[in-house]
Amino acid sequence: MNKEEIGNIAGIVWRTLNDKGPLSFEGLQREAQLDIKSVCTAIGWLARENKIEFDEQNGISTFYVYQEKYY
């Protein structure tokens, strides 16, 4: 996997989250139709770029598109 492939996969993951809203890891993998390695790589890429956020409740991580808030 090279940087261009990772960037393309990250785009798929971001668009999936943007379209579907918050998803668990399993839900994200299912909706994006990607393997575990691809989803993990894309999450890392997007988190590093501050494009996504995630919460953990009851042992379940939920990922969602970062929305900057202005007050």
Side-chain angles (χ1 to χ4, degrees):
M1 197 179 298
N2 62 40
K3 287 182 183 181
E4 185 174 338
E5 289 175 292
I6 295 169
N8 289 335
I9 293 167
I12 292 168
V13 168
W14 188 91
R15 284 189 297 279
T16 300
L17 290 171
N18 192 54
D19 293 345
K20 303 287 183 179
L23 293 168
S24 67
F25 184 89
E26 292 80 9
L28 179 56
Q29 184 181 1
R30 183 178 53 254
E31 292 292 333
Q33 299 178 353
L34 295 169
D35 60 43
I36 292 171
K37 180 180 176 182
S38 295
V39 174
C40 289
T41 303
I43 287 171
W45 177 289
L46 293 167
R48 179 72 173 103
E49 291 189 341
N50 293 321
K51 302 284 185 184
I52 63 169
E53 292 285 330
F54 46 94
D55 287 325
E56 186 171 333
Q57 292 182 354
N58 301 322
I60 298 172
S61 294
T62 303
F63 302 90
Y64 56 93
V65 172
Y66 175 73
Q67 301 284 331
E68 194 159 343
K69 296 176 178 101
Y70 298 97
Y71 297 95

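Only heavy atoms go into these numbers, but all of them, side chains included; no hydrogens, no water, no symmetry mates.
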request  = Please examine the side chains of Tyr66 and Leu46, heavy atoms only from C-beta on, and report whether any two atoms are closer than 4.5 Å.
outcome  = no
ask   = Among pairs that include at least one residue of residues 33-44, which meet side chain to side chain donor-acceptor pair (under 3.5 Å), considering only residues two or more places apart or in two chains?
value = Asp35-Ser38
request  = Output the distance between atom CG (Leu17) and atom CG (Leu28), rounded to the nearest 0.5 Å.
outcome  = 5.0 Å
request  = Report the residues that fulfil side-chain contact (heavy atoms from CB on, under 4.5 Å) with Phe25, sequence neighbours left out, ordered by chain and then residue number.
outcome  = Gln29, Ile36, Val39, Cys40, Ile43, Phe63
inquiry  = Among residues at least two apart in sequence or on other chains, which ones pass side-chain contact (heavy atoms from CB on, under 4.5 Å) with Glu26?
reply    = Ser24
inquiry  = To check you understand the geometry: which heavy-atom pair defines the closest contact between Ile52 and Ala47, and what is its length?
reply    = CG1-N, 3.8 Å
query = What heavy-atom pair brings Ala10 and Ala42 nearest, and what distance separates the two atoms?
reply = CA-CB, 3.7 Å
ask   = Is there a donor-acceptor pair closer than 3.5 Å between any side-chain N or O of Asn2 and the backbone N or O of Glu4?
value = yes
key: Contact summary for Met1 and Glu5, nearest pair of heavy atoms   = CA-OE1, 3.2 Å
message = Within a 6.0 Å radius of atom OH on Tyr64, are there more than 12 heavy atoms belonging to other residues, nucleotides or ligands?
response = yes
query = Heavy-atom count around Glu56 CD within 6.0 Å, excluding the residue itself: above 12?
reply = yes
